[in-house]
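The structure under discussion appears below in the form of structure tokens.
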Amino acid sequence: MDLAALRAQQQALAHLVVTEDRLIADPPRWVGGADVGFEDEGRITRAALVVLAWPSLALMEYQIARIPTVMPYIPGFLSFRETPALQAAWQQLSRKPDLLLVDGHGRSHPRRLGVACHFGLLEDVPTIGVAKKRLCGQFQLPSEAPGALAPLTDKDQQLGWVWRSKARCNPLFISTGHRVSLDTALSWVQRCMAGYRLPEPTRWADAVASRKPAFLRWQEIHE
DNA sequence: GCGACAG
DNA sequence: ATCTTGTCGC
């Protein structure tokens with residue numbers, strides 16, 4: 001793989017990312033969550049997508065796609081590795097979410113094209129990046145108080161938010177993916193919380209992908 | 001040159 | 001990301 005070419009592609013795509021809101025007029029009915037994992041020692045990429053109803057945050061649908069891994073993990077190029085599997089799972093969805101929370105960064109990326117931006121562009125769906133670790137930018141650690149907030153910045157421009165979603169937990173890194181403003185991104189993540197560190201769409205996507213007990217129980221009741 | 005570095 | 005049990009703290 002040619003990283004210089006991929007880097008150029010990121011810069012070109014980053015220009016197409018829309019930082020304004022699309023859903024101000026029509027609040028989302030279906031909020032999705034995306035998570036990617038690997039199997040068979042990394043040879044298989046597995047993407048899990050879930051659709052929750054809003055505001056109940058009840059799980060409505062899930063889809064899992066498995067495809068041969070196309071690229072190794074290289075910081076800054078994650079989207080090229082995860083996007084193919086996410087697209088496969090997206091096509092299997094019977095109802096497309098109005099808004100999608102993606103596990104990873106959005107605009108808080110060295111070239112402003114995290115996986116949330118990249119996937120949002122490919123499917124033209126509003127997305128928000130919700131990451132567990134910093135990739136780039138600077139920030140002051142939010143206070144210990146739950147709800148504490150700090151801007152994630154780089155060269156006097158704000159890339160996202162560092163938000164303490166829960167007491168005694170490390171903060172989350174929230175940023176615009178596509179067609180969602182920074183303030184709206186934070187707002188919707190907050191509206192998708194249910195007492196855990198991660199928002200429900202992300203938690204469910206992870207539960208589905210990892211076949212966690214919460215999902216197995218849901219499956220028994222709904223299938 | 002050295003350290004940092006989503007999942 | 002993934003391999004994995006117990007353990008400390010609220």
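All of these numbers come straight from a predicted model, not from anything done at the bench. Chain identifiers are assigned alphabetically (A, B, ...) following the order of the sequence lines, protein sequences preceding nucleic acid strands; residue numbering begins at 1 within each chain.
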Can you check nucleotides 1-7 of chain B for protein contacts, nitrogen or oxygen pairs under 3.5 Å, and list what you find?
residue: B:dA6; atom: OP2; partner: A:Tyr73; partner atom: OH; Å: 2.4
residue: B:dA6; atom: O4'; partner: A:His105; partner atom: ND1; Å: 3.2
residue: B:dA6; atom: N7; partner: A:Gly76; partner atom: N; Å: 3.2
residue: B:dA6; atom: N6; partner: A:Gly76; partner atom: O; Å: 3.4
residue: B:dA6; atom: N6; partner: A:Phe77; partner atom: N; Å: 3.4
residue: B:dA6; atom: N6; partner: A:Leu78; partner atom: N; Å: 3.0
residue: B:dA6; atom: N6; partner: A:His109; partner atom: NE2; Å: 3.4
residue: B:dA6; atom: N1; partner: A:Val115; partner atom: N; Å: 3.3
residue: B:dA6; atom: N3; partner: A:His105; partner atom: N; Å: 3.2
residue: B:dG7; atom: OP1; partner: A:Lys132; partner atom: N; Å: 2.9

State plainly whether the residues [X] and [Y] are in salt-bridge range, i.e. N to O under 4.0 Å.
{"X": "A:Glu200", "Y": "A:Arg203", "answer": "yes"}
{"X": "A:Arg22", "Y": "A:Asp98", "answer": "no"}
{"X": "A:Lys96", "Y": "A:Asp124", "answer": "no"}

- Between C:dC3 atom C1' and A:Asp40 atom CG, what is the distance in whole Å?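 Whole-Å distance recorded here is 14 Å.
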- Task: Check the distance between C:dG9's P and A:Lys166's NZ and give it to me in whole angstrom.
- Result: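 For the pair A:Lys166 NZ and C:dG9 P, the rounded distance is 17 Å.
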- Task: Find the distance between CD (A:Gln91) and CG (A:Leu86) and round it off to the nearest 0.5 Å.
- Result: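 If I round to the nearest 0.5 Å, the distance is 11.5 Å.
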- Message: Taking the six-membered ring for Trp, are A:His118 and A:Phe80 closer than 6.0 Å centroid to centroid?
- Response: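 Here the rings of A:Phe80 and A:His118 have centres that are less than 6.0 Å from each other.
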